[in-house]
Amino acid sequence: MTHRLRFAPSPTGNLHIGGARTALFNWLQARHAGGKFLLRIEDTDIARSTEESRQAILEALDWLGLDIDEDIVLQSTRRDVHVAAALRLLEEGKAYRCYCTPEELQAMREKATAEGRSPKYDGTWRNRTDHPPEGTPFTVRFAMPLDGTTVIDDIVLGEITVPNEELDDLIILRSDGTPTYNFVVVCDDAFMGVTTVCRGQDHMSNTFRQFHIYRALGHEVPRFAHLPLVDGLSKRKGSASVQHYRDIGYLREAVINYISRLGWSHGDQEIFSVEELVEKFDLADVNRSSGKYDEVKMAWVNEQWIKRLPAEELAVRLLPYLSDLGVETSADERLVSLVRQLQERSKTLVDMAEGARFAFQRPTAFDEKAVKKWIKPASRAAFEEILAALPGLDAFTPDELEAAIKSVAERHELGLGKVAQPIRIALTGTSVSPPIFDAIAIVGREETVHRMRAALHLYDDA
RNA sequence: GGCCCGUUCGUCUAGUGGUUAGGACACCACCCUUUCAAGGUGGUUACACGGGUUCGAGUCCCGUACGGGUCACCA
(Lines give C-alpha, C1' and ligand atoms only; values in the text may rest on other atoms or scores of the structure.)
Protein backbone atom coordinates (compact mmCIF):
# COMPACT_ATOMS: atom_id res chain seq x y z
CA MET A 1 0.00 0.00 0.00
CA THR A 2 1.32 3.42 -0.83
CA HIS A 3 2.04 5.78 2.00
CA ARG A 4 -0.35 8.66 2.40
CA LEU A 5 0.44 11.44 4.85
CA ARG A 6 -1.29 14.69 5.49
CA PHE A 7 -0.77 18.04 7.07
CA ALA A 8 -3.96 19.35 8.67
CA PRO A 9 -3.62 22.92 9.93
CA SER A 10 -6.48 25.04 11.12
CA PRO A 11 -6.51 28.40 9.37
CA THR A 12 -6.29 30.57 12.45
CA GLY A 13 -3.04 32.38 11.81
CA ASN A 14 0.21 32.24 9.91
CA LEU A 15 2.16 29.04 9.47
CA HIS A 16 4.64 29.01 12.30
CA ILE A 17 7.97 27.26 12.48
CA GLY A 18 6.48 24.45 14.54
CA GLY A 19 3.70 23.84 12.06
CA ALA A 20 6.14 24.11 9.21
CA ARG A 21 8.20 21.36 10.75
CA THR A 22 5.18 19.11 11.06
CA ALA A 23 4.33 19.82 7.44
CA LEU A 24 7.93 19.20 6.39
CA PHE A 25 8.20 15.88 8.21
CA ASN A 26 4.98 14.69 6.61
CA TRP A 27 6.14 15.86 3.21
CA LEU A 28 9.60 14.32 3.58
CA GLN A 29 8.22 11.00 4.69
CA ALA A 30 5.79 10.96 1.78
CA ARG A 31 8.52 11.82 -0.72
CA HIS A 32 10.99 9.44 0.88
CA ALA A 33 8.56 6.56 0.67
CA GLY A 34 7.26 7.49 -2.74
CA GLY A 35 3.84 8.17 -1.25
CA LYS A 36 1.44 11.09 -1.29
CA PHE A 37 1.42 14.32 0.65
CA LEU A 38 -2.06 15.68 1.31
CA LEU A 39 -3.43 18.82 2.82
CA ARG A 40 -6.60 19.27 4.78
CA ILE A 41 -7.75 22.61 6.10
CA GLU A 42 -9.51 22.20 9.42
CA ASP A 43 -11.78 25.17 9.11
CA THR A 44 -14.68 23.98 11.23
CA ASP A 45 -14.12 26.58 13.90
CA ILE A 46 -15.94 29.32 12.08
CA ALA A 47 -15.24 31.86 14.77
CA ARG A 48 -11.49 31.59 14.42
CA SER A 49 -10.91 30.45 10.86
CA THR A 50 -10.17 33.07 8.25
CA GLU A 51 -9.61 33.11 4.54
CA GLU A 52 -6.47 35.20 5.06
CA SER A 53 -4.97 32.51 7.24
CA ARG A 54 -5.78 29.85 4.69
CA GLN A 55 -4.02 31.84 2.01
CA ALA A 56 -1.08 32.54 4.28
CA ILE A 57 -0.60 28.86 5.03
CA LEU A 58 -0.79 27.92 1.38
CA GLU A 59 1.65 30.65 0.51
CA ALA A 60 4.09 29.51 3.18
CA LEU A 61 3.94 25.88 2.04
CA ASP A 62 4.46 27.02 -1.52
CA TRP A 63 7.45 29.15 -0.58
CA LEU A 64 8.98 26.22 1.26
CA GLY A 65 8.38 24.05 -1.79
CA LEU A 66 6.19 21.51 -0.01
CA ASP A 67 3.99 20.59 -2.92
CA ILE A 68 0.64 18.93 -2.39
CA ASP A 69 -0.34 15.89 -4.40
CA GLU A 70 -4.11 15.90 -4.44
CA ASP A 71 -6.99 18.31 -4.06
CA ILE A 72 -7.03 20.15 -0.77
CA VAL A 73 -9.78 18.91 1.51
CA LEU A 74 -11.80 21.59 3.24
CA GLN A 75 -13.15 20.07 6.38
CA SER A 76 -16.14 22.40 6.50
CA THR A 77 -17.46 20.96 3.23
CA ARG A 78 -17.79 17.52 4.74
CA ARG A 79 -20.12 18.34 7.57
CA ASP A 80 -23.01 16.18 6.30
CA VAL A 81 -20.78 13.15 6.09
CA HIS A 82 -19.54 13.70 9.63
CA VAL A 83 -23.02 14.08 11.04
CA ALA A 84 -24.26 11.01 9.21
CA ALA A 85 -21.39 8.97 10.57
CA ALA A 86 -22.11 10.10 14.10
CA LEU A 87 -25.78 9.28 13.75
CA ARG A 88 -24.87 5.87 12.46
CA LEU A 89 -22.85 5.19 15.59
CA LEU A 90 -25.79 6.34 17.64
CA GLU A 91 -28.05 3.90 15.85
CA GLU A 92 -25.59 1.07 16.26
CA GLY A 93 -25.42 1.73 19.96
CA LYS A 94 -21.76 2.70 19.82
CA ALA A 95 -22.70 6.18 20.90
CA TYR A 96 -25.48 7.54 23.05
CA ARG A 97 -27.43 10.66 23.87
CA CYS A 98 -26.27 12.71 26.80
CA TYR A 99 -28.67 15.26 28.24
CA CYS A 100 -26.24 16.92 30.63
CA THR A 101 -26.10 20.67 30.29
CA PRO A 102 -22.78 22.49 30.10
CA GLU A 103 -23.45 23.76 33.60
CA GLU A 104 -23.97 20.27 34.97
CA LEU A 105 -20.80 19.11 33.27
CA GLN A 106 -18.92 22.03 34.71
CA ALA A 107 -20.19 21.20 38.18
CA MET A 108 -19.29 17.56 37.69
CA ARG A 109 -15.73 18.50 36.85
CA GLU A 110 -15.36 20.86 39.74
CA LYS A 111 -16.68 18.29 42.16
CA ALA A 112 -14.31 15.62 40.84
CA THR A 113 -11.34 17.98 41.06
CA ALA A 114 -12.28 19.00 44.58
CA GLU A 115 -12.44 15.35 45.60
CA GLY A 116 -9.10 14.69 43.98
CA ARG A 117 -10.49 12.64 41.11
CA SER A 118 -9.96 13.05 37.40
CA PRO A 119 -12.35 15.62 35.92
CA LYS A 120 -13.86 13.31 33.36
CA TYR A 121 -17.39 12.57 32.30
CA ASP A 122 -18.91 10.07 34.67
CA GLY A 123 -21.06 8.25 32.12
CA THR A 124 -24.36 9.33 33.62
CA TRP A 125 -26.38 8.88 30.44
CA ARG A 126 -24.56 5.89 29.15
CA ASN A 127 -27.06 3.46 30.59
CA ARG A 128 -29.98 5.58 31.64
CA THR A 129 -33.16 4.82 29.77
CA ASP A 130 -35.40 7.48 31.28
CA HIS A 131 -34.93 9.83 28.36
CA PRO A 132 -36.41 13.28 28.76
CA PRO A 133 -39.18 14.36 26.37
CA GLU A 134 -38.38 14.86 22.68
CA GLY A 135 -36.99 18.29 22.06
CA THR A 136 -34.72 18.32 25.07
CA PRO A 137 -31.27 19.31 23.82
CA PHE A 138 -28.69 16.55 23.89
CA THR A 139 -25.17 15.79 22.75
CA VAL A 140 -23.99 12.51 21.31
CA ARG A 141 -21.20 10.81 23.18
CA PHE A 142 -18.98 8.03 21.98
CA ALA A 143 -18.97 4.96 24.20
CA MET A 144 -15.36 4.18 25.04
CA PRO A 145 -14.38 0.76 26.34
CA LEU A 146 -14.72 0.61 30.11
CA ASP A 147 -11.78 -1.60 30.94
CA GLY A 148 -8.66 -3.04 29.45
CA THR A 149 -5.85 -1.05 27.91
CA THR A 150 -5.18 0.60 24.60
CA VAL A 151 -1.77 0.20 23.01
CA ILE A 152 -0.41 2.37 20.25
CA ASP A 153 2.76 1.39 18.45
CA ASP A 154 4.07 4.83 17.68
CA ILE A 155 6.73 5.22 14.99
CA VAL A 156 8.59 7.80 17.06
CA LEU A 157 7.72 6.87 20.63
CA GLY A 158 7.41 3.12 20.42
CA GLU A 159 4.72 1.31 22.36
CA ILE A 160 2.50 3.46 24.53
CA THR A 161 -0.12 1.97 26.76
CA VAL A 162 -3.01 3.71 28.41
CA PRO A 163 -5.62 2.21 30.74
CA ASN A 164 -9.04 2.54 29.11
CA GLU A 165 -10.60 3.84 32.28
CA GLU A 166 -8.69 7.06 31.54
CA LEU A 167 -10.69 7.49 28.35
CA ASP A 168 -14.00 9.17 28.99
CA ASP A 169 -16.95 9.21 26.64
CA LEU A 170 -16.23 12.19 24.50
CA ILE A 171 -18.81 14.26 22.70
CA ILE A 172 -18.89 13.64 18.97
CA LEU A 173 -21.97 15.72 18.20
CA ARG A 174 -22.71 18.98 19.99
CA SER A 175 -26.19 19.93 21.09
CA ASP A 176 -26.41 22.20 18.05
CA GLY A 177 -25.81 19.16 15.85
CA THR A 178 -22.26 20.02 14.79
CA PRO A 179 -19.54 17.36 15.02
CA THR A 180 -16.44 17.79 17.13
CA TYR A 181 -12.77 17.68 16.22
CA ASN A 182 -11.76 14.27 17.49
CA PHE A 183 -14.55 12.66 15.57
CA VAL A 184 -14.17 14.62 12.39
CA VAL A 185 -10.44 13.99 12.18
CA VAL A 186 -11.02 10.28 12.14
CA CYS A 187 -13.71 10.52 9.46
CA ASP A 188 -11.51 12.69 7.27
CA ASP A 189 -8.28 10.80 7.70
CA ALA A 190 -10.12 7.62 6.80
CA PHE A 191 -11.79 9.36 3.86
CA MET A 192 -8.45 10.60 2.59
CA GLY A 193 -6.88 7.19 2.98
CA VAL A 194 -4.23 8.46 5.36
CA THR A 195 -1.91 5.62 6.33
CA THR A 196 0.40 7.49 8.69
CA VAL A 197 -0.72 10.27 10.97
CA CYS A 198 2.28 12.40 11.86
CA ARG A 199 1.60 15.29 14.22
CA GLY A 200 2.84 16.86 17.43
CA GLN A 201 3.02 15.03 20.71
CA ASP A 202 0.37 17.36 22.04
CA HIS A 203 -2.11 15.15 20.18
CA MET A 204 -1.07 12.00 21.97
CA SER A 205 -4.05 11.84 24.27
CA ASN A 206 -6.39 12.39 21.33
CA THR A 207 -4.88 9.42 19.60
CA PHE A 208 -6.13 6.93 22.13
CA ARG A 209 -9.69 8.17 21.75
CA GLN A 210 -9.45 8.26 18.01
CA PHE A 211 -8.16 4.73 17.98
CA HIS A 212 -11.52 3.46 19.21
CA ILE A 213 -13.48 5.70 16.88
CA TYR A 214 -11.63 4.24 13.89
CA ARG A 215 -12.68 0.81 14.97
CA ALA A 216 -16.26 1.70 15.73
CA LEU A 217 -16.53 3.23 12.28
CA GLY A 218 -15.04 0.11 10.77
CA HIS A 219 -11.93 1.86 9.47
CA GLU A 220 -8.43 0.57 9.57
CA VAL A 221 -6.38 2.34 12.22
CA PRO A 222 -3.45 4.18 10.64
CA ARG A 223 0.07 4.25 12.02
CA PHE A 224 0.94 7.19 14.23
CA ALA A 225 4.08 9.25 14.60
CA HIS A 226 4.05 11.81 17.38
CA LEU A 227 6.74 14.41 16.93
CA PRO A 228 8.52 15.95 19.89
CA LEU A 229 7.44 19.50 20.52
CA VAL A 230 9.64 22.49 19.84
CA ASP A 231 10.26 24.91 22.69
CA GLY A 232 11.00 28.57 22.51
CA LEU A 233 8.72 29.52 19.67
CA SER A 234 5.93 31.56 21.13
CA LYS A 235 7.74 34.72 22.14
CA ARG A 236 5.96 37.19 19.92
CA LYS A 237 3.06 36.57 17.67
CA GLY A 238 4.34 37.13 14.18
CA SER A 239 7.98 36.57 14.89
CA ALA A 240 8.18 32.86 14.27
CA SER A 241 6.06 32.63 11.15
CA VAL A 242 7.53 31.27 7.97
CA GLN A 243 6.89 34.46 6.05
CA HIS A 244 8.67 36.41 8.74
CA TYR A 245 11.84 34.51 7.94
CA ARG A 246 11.33 35.08 4.25
CA ASP A 247 10.87 38.78 4.89
CA ILE A 248 14.06 39.13 6.89
CA GLY A 249 16.01 37.50 4.08
CA TYR A 250 16.20 33.82 4.92
CA LEU A 251 16.44 31.21 2.19
CA ARG A 252 13.86 28.46 1.95
CA GLU A 253 16.70 25.92 1.78
CA ALA A 254 17.97 27.18 5.12
CA VAL A 255 14.61 27.17 6.84
CA ILE A 256 13.98 23.62 5.70
CA ASN A 257 17.49 22.55 6.62
CA TYR A 258 17.24 24.01 10.09
CA ILE A 259 13.80 22.75 11.02
CA SER A 260 14.59 19.30 9.68
CA ARG A 261 17.28 19.06 12.32
CA LEU A 262 14.89 19.84 15.12
CA GLY A 263 14.34 16.34 16.40
CA TRP A 264 16.00 14.55 13.55
CA SER A 265 19.62 14.01 12.60
CA HIS A 266 21.81 11.95 10.36
CA GLY A 267 25.14 11.31 12.05
CA ASP A 268 27.20 14.48 12.30
CA GLN A 269 25.88 16.11 9.18
CA GLU A 270 24.56 19.64 9.57
CA ILE A 271 23.86 20.84 6.06
CA PHE A 272 21.29 19.02 3.97
CA SER A 273 19.80 19.91 0.64
CA VAL A 274 16.14 19.14 0.17
CA GLU A 275 17.09 16.26 -2.11
CA GLU A 276 19.36 14.80 0.56
CA LEU A 277 16.62 15.09 3.13
CA VAL A 278 14.19 13.24 0.91
CA GLU A 279 16.77 10.52 0.55
CA LYS A 280 17.85 10.27 4.18
CA PHE A 281 14.87 11.31 6.24
CA ASP A 282 12.81 8.69 8.01
CA LEU A 283 10.25 9.17 10.73
CA ALA A 284 11.69 6.14 12.46
CA ASP A 285 14.85 8.18 13.15
CA VAL A 286 13.06 11.07 14.80
CA ASN A 287 14.01 11.77 18.43
CA ARG A 288 11.67 11.34 21.30
CA SER A 289 12.67 14.41 23.27
CA SER A 290 11.66 17.95 22.55
CA GLY A 291 14.13 20.51 21.32
CA LYS A 292 14.55 24.22 21.53
CA TYR A 293 14.38 26.55 18.62
CA ASP A 294 17.73 28.33 18.36
CA GLU A 295 17.61 31.57 16.44
CA VAL A 296 21.41 31.83 16.34
CA LYS A 297 21.92 28.45 14.75
CA MET A 298 19.11 29.12 12.30
CA ALA A 299 21.04 32.22 11.25
CA TRP A 300 24.21 30.19 10.80
CA VAL A 301 22.45 27.65 8.62
CA ASN A 302 21.13 30.48 6.49
CA GLU A 303 24.62 31.86 6.13
CA GLN A 304 25.80 28.47 4.94
CA TRP A 305 23.13 28.38 2.29
CA ILE A 306 23.97 31.87 1.10
CA LYS A 307 27.49 30.62 0.51
CA ARG A 308 26.34 27.49 -1.24
CA LEU A 309 23.69 28.61 -3.68
CA PRO A 310 24.89 29.63 -7.15
CA ALA A 311 25.37 33.39 -7.44
CA GLU A 312 23.07 33.48 -10.47
CA GLU A 313 20.23 32.06 -8.40
CA LEU A 314 20.93 34.32 -5.47
CA ALA A 315 20.94 37.36 -7.72
CA VAL A 316 17.41 36.60 -8.84
CA ARG A 317 16.22 36.12 -5.29
CA LEU A 318 17.95 39.31 -4.20
CA LEU A 319 15.94 41.51 -6.54
CA PRO A 320 12.90 42.06 -4.31
CA TYR A 321 15.12 42.96 -1.39
CA LEU A 322 17.01 45.46 -3.52
CA SER A 323 13.72 46.85 -4.65
CA ASP A 324 12.80 47.47 -1.04
CA LEU A 325 15.86 49.70 -0.85
CA GLY A 326 14.79 51.57 -3.94
CA VAL A 327 17.17 49.76 -6.26
CA GLU A 328 15.50 48.53 -9.43
CA THR A 329 17.82 46.35 -11.45
CA SER A 330 18.03 42.93 -13.04
CA ALA A 331 20.02 39.81 -12.36
CA ASP A 332 22.61 40.69 -14.97
CA GLU A 333 26.28 39.86 -14.99
CA ARG A 334 27.16 42.88 -12.95
CA LEU A 335 24.80 41.93 -10.16
CA VAL A 336 25.93 38.32 -10.25
CA SER A 337 29.56 39.26 -9.80
CA LEU A 338 28.59 41.58 -6.98
CA VAL A 339 26.63 38.76 -5.35
CA ARG A 340 29.70 36.59 -5.63
CA GLN A 341 31.60 39.15 -3.56
CA LEU A 342 28.79 39.43 -1.06
CA GLN A 343 28.18 35.72 -0.53
CA GLU A 344 31.05 35.42 1.90
CA ARG A 345 29.91 38.30 4.01
CA SER A 346 26.11 38.23 4.15
CA LYS A 347 23.98 36.47 6.69
CA THR A 348 20.68 37.20 4.98
CA LEU A 349 19.38 38.52 1.70
CA VAL A 350 18.54 41.73 3.51
CA ASP A 351 22.19 42.00 4.52
CA MET A 352 23.22 41.29 1.00
CA ALA A 353 20.92 43.91 -0.45
CA GLU A 354 22.36 46.48 1.90
CA GLY A 355 25.85 45.39 0.98
CA ALA A 356 25.02 45.71 -2.70
CA ARG A 357 23.50 49.12 -2.38
CA PHE A 358 26.71 51.07 -3.02
CA ALA A 359 26.89 49.70 -6.53
CA PHE A 360 23.63 51.44 -7.41
CA GLN A 361 23.34 54.41 -5.13
CA ARG A 362 25.73 57.15 -4.13
CA PRO A 363 26.34 57.50 -0.42
CA THR A 364 23.94 59.98 1.11
CA ALA A 365 26.09 60.45 4.19
CA PHE A 366 29.52 59.51 5.48
CA ASP A 367 29.93 57.43 8.59
CA GLU A 368 31.39 59.77 11.18
CA LYS A 369 33.54 57.26 12.98
CA ALA A 370 34.96 55.92 9.76
CA VAL A 371 35.81 59.38 8.55
CA LYS A 372 37.47 60.28 11.78
CA LYS A 373 39.54 57.14 11.80
CA TRP A 374 40.65 56.96 8.20
CA ILE A 375 40.52 60.41 6.60
CA LYS A 376 43.89 61.72 7.73
CA PRO A 377 46.10 64.38 6.14
CA ALA A 378 48.79 61.78 5.54
CA SER A 379 46.76 59.96 2.91
CA ARG A 380 45.46 62.98 1.09
CA ALA A 381 48.20 63.17 -1.49
CA ALA A 382 47.86 59.47 -2.32
CA PHE A 383 44.07 59.80 -2.55
CA GLU A 384 44.37 62.68 -4.98
CA GLU A 385 47.00 60.93 -7.01
CA ILE A 386 44.81 57.86 -7.43
CA LEU A 387 41.85 60.01 -8.35
CA ALA A 388 43.96 61.68 -11.00
CA ALA A 389 45.26 58.37 -12.33
CA LEU A 390 41.90 56.63 -12.67
CA PRO A 391 40.80 58.19 -15.98
CA GLY A 392 44.04 57.11 -17.63
CA LEU A 393 43.97 53.43 -16.73
CA ASP A 394 43.85 51.05 -19.70
CA ALA A 395 41.39 48.57 -18.26
CA PHE A 396 39.20 49.21 -15.27
CA THR A 397 39.61 45.75 -13.78
CA PRO A 398 40.38 44.66 -10.21
CA ASP A 399 43.87 43.52 -11.24
CA GLU A 400 44.70 46.72 -13.00
CA LEU A 401 43.35 48.79 -10.14
CA GLU A 402 45.30 46.77 -7.63
CA ALA A 403 48.56 47.32 -9.48
CA ALA A 404 47.95 51.03 -9.86
CA ILE A 405 46.82 51.68 -6.31
CA LYS A 406 49.51 49.54 -4.74
CA SER A 407 52.21 51.40 -6.58
CA VAL A 408 50.81 54.70 -5.36
CA ALA A 409 50.71 53.40 -1.81
CA GLU A 410 54.29 52.21 -2.01
CA ARG A 411 55.50 55.48 -3.41
CA HIS A 412 53.91 57.29 -0.50
CA GLU A 413 55.16 54.66 1.93
CA LEU A 414 51.67 53.98 3.16
CA GLY A 415 50.10 50.65 4.12
CA LEU A 416 47.35 49.55 1.82
CA GLY A 417 44.74 50.06 4.53
CA LYS A 418 45.53 53.74 4.82
CA VAL A 419 45.01 54.20 1.11
CA ALA A 420 42.11 51.81 0.62
CA GLN A 421 39.88 52.93 3.45
CA PRO A 422 39.45 56.53 2.30
CA ILE A 423 38.45 55.25 -1.13
CA ARG A 424 36.01 52.84 0.45
CA ILE A 425 34.47 55.67 2.39
CA ALA A 426 34.19 57.77 -0.75
CA LEU A 427 32.48 54.92 -2.57
CA THR A 428 30.15 53.62 0.12
CA GLY A 429 30.05 56.18 2.88
CA THR A 430 31.20 53.48 5.29
CA SER A 431 34.31 51.53 6.15
CA VAL A 432 32.74 48.25 5.05
CA SER A 433 32.49 46.84 1.55
CA PRO A 434 33.66 43.97 -0.59
CA PRO A 435 37.40 43.94 -1.40
CA ILE A 436 38.30 47.44 -2.47
CA PHE A 437 39.53 46.68 -5.99
CA ASP A 438 36.39 44.74 -6.78
CA ALA A 439 34.30 47.48 -5.28
CA ILE A 440 35.91 50.13 -7.46
CA ALA A 441 35.55 48.01 -10.57
CA ILE A 442 31.88 47.42 -9.89
CA VAL A 443 31.13 51.06 -9.27
CA GLY A 444 32.86 51.87 -12.54
CA ARG A 445 35.31 54.46 -13.71
CA GLU A 446 33.18 57.55 -14.11
CA GLU A 447 31.17 56.98 -11.00
CA THR A 448 34.24 56.26 -8.90
CA VAL A 449 35.83 59.47 -10.05
CA HIS A 450 32.64 61.29 -9.24
CA ARG A 451 32.36 59.85 -5.75
CA MET A 452 36.02 60.40 -4.94
CA ARG A 453 35.75 64.01 -6.00
CA ALA A 454 32.62 64.41 -3.91
CA ALA A 455 34.49 63.02 -0.91
CA LEU A 456 37.53 65.21 -1.33
CA HIS A 457 36.10 67.84 0.98
CA LEU A 458 36.32 65.42 3.89
CA TYR A 459 40.04 66.07 3.94
CA ASP A 460 39.47 69.75 4.53
CA ASP A 461 38.34 69.06 8.06
CA ALA A 462 40.91 66.39 8.71
C1' G B 1 -3.94 16.28 40.87
C1' G B 2 -4.79 11.71 37.14
C1' C B 3 -2.75 9.81 32.71
C1' C B 4 1.11 10.00 28.90
C1' C B 5 6.04 11.44 27.25
C1' G B 6 10.88 13.04 27.99
C1' U B 7 16.13 13.99 30.52
C1' U B 8 24.26 13.54 26.91
C1' C B 9 28.29 20.28 26.73
C1' G B 10 24.52 26.95 27.40
C1' U B 11 21.81 25.09 22.51
C1' C B 12 20.94 21.21 18.38
C1' U B 13 22.74 16.44 18.58
C1' A B 14 26.17 11.44 17.70
C1' G B 15 26.11 7.29 20.68
C1' U B 16 22.03 1.03 20.69
C1' G B 17 27.21 -2.82 27.07
C1' G B 18 33.82 -1.97 26.62
C1' U B 19 34.85 5.36 23.15
C1' U B 20 40.42 9.73 25.70
C1' A B 21 31.89 10.38 25.36
C1' G B 22 32.27 12.61 18.83
C1' G B 23 30.24 16.76 15.68
C1' A B 24 27.77 21.57 15.05
C1' C B 25 26.10 26.58 16.92
C1' A B 26 27.71 30.01 20.54
C1' C B 27 32.01 31.60 23.41
C1' C B 28 37.56 32.46 24.19
C1' A B 29 42.62 32.57 22.10
C1' C B 30 45.82 32.55 18.03
C1' C B 31 46.73 32.57 12.54
C1' C B 32 45.40 34.80 7.85
C1' U B 33 44.16 39.89 6.27
C1' U B 34 43.14 46.36 2.21
C1' U B 35 37.67 47.04 5.58
C1' C B 36 33.79 43.71 7.13
C1' A B 37 33.29 38.98 6.92
C1' A B 38 34.66 34.20 5.67
C1' G B 39 38.38 30.54 6.52
C1' G B 40 42.22 27.80 9.50
C1' U B 41 44.19 26.02 14.33
C1' G B 42 43.53 25.26 19.38
C1' G B 43 40.61 25.65 23.91
C1' U B 44 36.55 25.83 28.00
C1' U B 45 31.89 23.02 28.88
C1' A B 46 27.77 17.35 29.16
C1' C B 47 25.82 11.54 30.26
C1' A B 48 19.78 14.84 36.20
C1' C B 49 20.12 11.83 40.89
C1' G B 50 19.88 7.06 43.61
C1' G B 51 19.65 1.98 43.47
C1' G B 52 20.15 -2.47 40.88
C1' U B 53 21.64 -6.22 36.48
C1' U B 54 26.66 -7.12 34.55
C1' C B 55 33.53 -8.71 34.59
C1' G B 56 32.03 -3.84 32.64
C1' A B 57 26.74 0.92 32.00
C1' G B 58 25.36 7.29 28.62
C1' U B 59 23.65 2.68 26.68
C1' C B 60 19.35 -2.55 30.22
C1' C B 61 15.71 -2.55 34.83
C1' C B 62 13.44 0.08 39.12
C1' G B 63 12.74 4.45 41.88
C1' U B 64 13.33 9.83 42.74
C1' A B 65 13.78 14.66 40.95
C1' C B 66 13.05 18.03 37.23
C1' G B 67 10.78 19.38 32.52
C1' G B 68 6.86 18.96 28.86
C1' G B 69 2.02 17.44 27.07
C1' U B 70 -3.09 16.49 28.03
C1' C B 71 -7.50 16.25 30.81
C1' A B 72 -13.76 21.53 26.68
C1' C B 73 -20.48 21.07 23.56
C1' C B 74 -11.54 24.48 20.62
C1' A B 75 -8.96 22.53 16.81
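Only a predicted model underlies this, so the values are computations on that prediction, with no experimental measurement involved. Letters go in sequence order (proteins before strands), and every chain restarts at 1.
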At 4.0 Å (heavy atoms only), tell me whether [X] reaches a base, stays on the sugar-phosphate, or touches nothing.
{"X": "Gly263(A)", "result": "sugar-phosphate"}
{"X": "Arg288(A)", "result": "sugar-phosphate"}
{"X": "Glu270(A)", "result": "base"}
{"X": "Cys100(A)", "result": "base"}
{"X": "Leu262(A)", "result": "sugar-phosphate"}
{"X": "Lys418(A)", "result": "nothing"}
{"X": "Lys120(A)", "result": "nothing"}
{"X": "Ser10(A)", "result": "sugar-phosphate"}

Nearest to side-chain heavy atoms of [X], which nucleotide of [options]:
{"X": "Lys292(A)", "options": "A14(B), A75(B), C12(B)", "result": "C12(B)"}
{"X": "Pro119(A)", "options": "C73(B), U11(B), C71(B)", "result": "C71(B)"}
{"X": "Arg261(A)", "options": "C12(B), U34(B), C3(B)", "result": "C12(B)"}
{"X": "Thr44(A)", "options": "G2(B), A75(B), U35(B)", "result": "A75(B)"}

Report task. Calculate the interatomic distance between Ile171(A) atom CD1 and C71(B) atom P; express it in whole Å. Result -> 13 Å
Taking atom [atom1] in both [N] and [M], what distance in whole Å separates the two?
{"N": "U20(B)", "M": "U35(B)", "atom1": "C1'", "answer": "42 Å"}
{"N": "G63(B)", "M": "G6(B)", "atom1": "P", "answer": "14 Å"}
{"N": "U7(B)", "M": "U59(B)", "atom1": "C1'", "answer": "14 Å"}
{"N": "G68(B)", "M": "U8(B)", "atom1": "P", "answer": "15 Å"}
{"N": "A21(B)", "M": "C62(B)", "atom1": "P", "answer": "27 Å"}
{"N": "A46(B)", "M": "C4(B)", "atom1": "P", "answer": "34 Å"}

Check: [X] side chain, [Y] main-chain N or O, donor-acceptor pair, under 3.5 Å:
{"X": "Ser379(A)", "Y": "Ile375(A)", "value": "no"}
{"X": "Lys347(A)", "Y": "Glu303(A)", "value": "no"}
{"X": "Arg117(A)", "Y": "Ala112(A)", "value": "no"}

Query raised in the report: Should C25(B) form a Watson-Crick or G-U wobble pair with both distances under 3.5 Å, which nucleotide is its partner?
Result: G10(B)
Requested in this report: Counting Watson-Crick and G-U wobble pairs only, both distances under 3.5 Å, name the nucleotide matched with A57(B), or none.
Outcome: none
Check the interface with nucleotides 66-70 of chain B: list each N/O to N/O pair with the protein under 3.5 Å, or write none.
| from | atom 1 | to | atom 2 | distance (Å) |
| --- | --- | --- | --- | --- |
| U70(B) | O2' | Ser205(A) | OG | 2.9 |

Can you confirm if the NZ or CZ of [X] lies within 45° of the ring axis of [Y] and under 6.0 Å from the centre of its six-membered ring?
{"X": "Arg78(A)", "Y": "Phe191(A)", "answer": "yes"}
{"X": "Arg141(A)", "Y": "Tyr96(A)", "answer": "no"}
{"X": "Arg21(A)", "Y": "Phe25(A)", "answer": "yes"}

Query raised in the report: Taking atom types as they are modelled, is there a donor-acceptor pair under 3.5 Å from the base of C36(B) to the side chain of Arg345(A)?
Result: yes
**Report entry** Residues in contact with RNA chain B, drawn from residues 428-442 of chain A - heavy-atom cutoff 4.0 Å
**Finding:** Ser431(A), Val432(A), Ser433(A), Pro434(A), Pro435(A), Ile436(A), Phe437(A)
Report task. Scan residues 45-54 of chain A against RNA chain B and write down, sorted by residue number, each residue with any heavy atom closer than 4.0 Å; if none is found, say none. Result -> Asp45(A), Arg48(A)
Write out a two-atom table: protein N or O, nucleotide N or O from nucleotides 41-43 of chain B, distance below 3.5 Å.
none

Query raised in the report: When the aromatic ring centroids of Phe183(A) and Phe142(A) are compared, is their separation below 6.0 Å?
Result: no
Query - Presence of Asn287(A) side-chain N/O under 4.0 Å of U7(B) phosphate oxygens OP1/OP2 - result: no
Report task. Can you sort out the partners of Tyr258(A) under ring-ring contact (aromatic ring centres under 6.0 Å, His included), two or more places apart, ordered by chain and number? Result -> Tyr293(A)
Taking only nitrogen or oxygen atoms into account, show me every contact under 3.5 Å that the protein makes with nucleotides 25-32 of chain B, one pair per line with its distance.
none

Query raised in the report: Just checking, is any N or O donor in the side chain of Thr124(A) or Asp122(A) under 3.5 Å from an acceptor N or O on the other one?
Result: yes
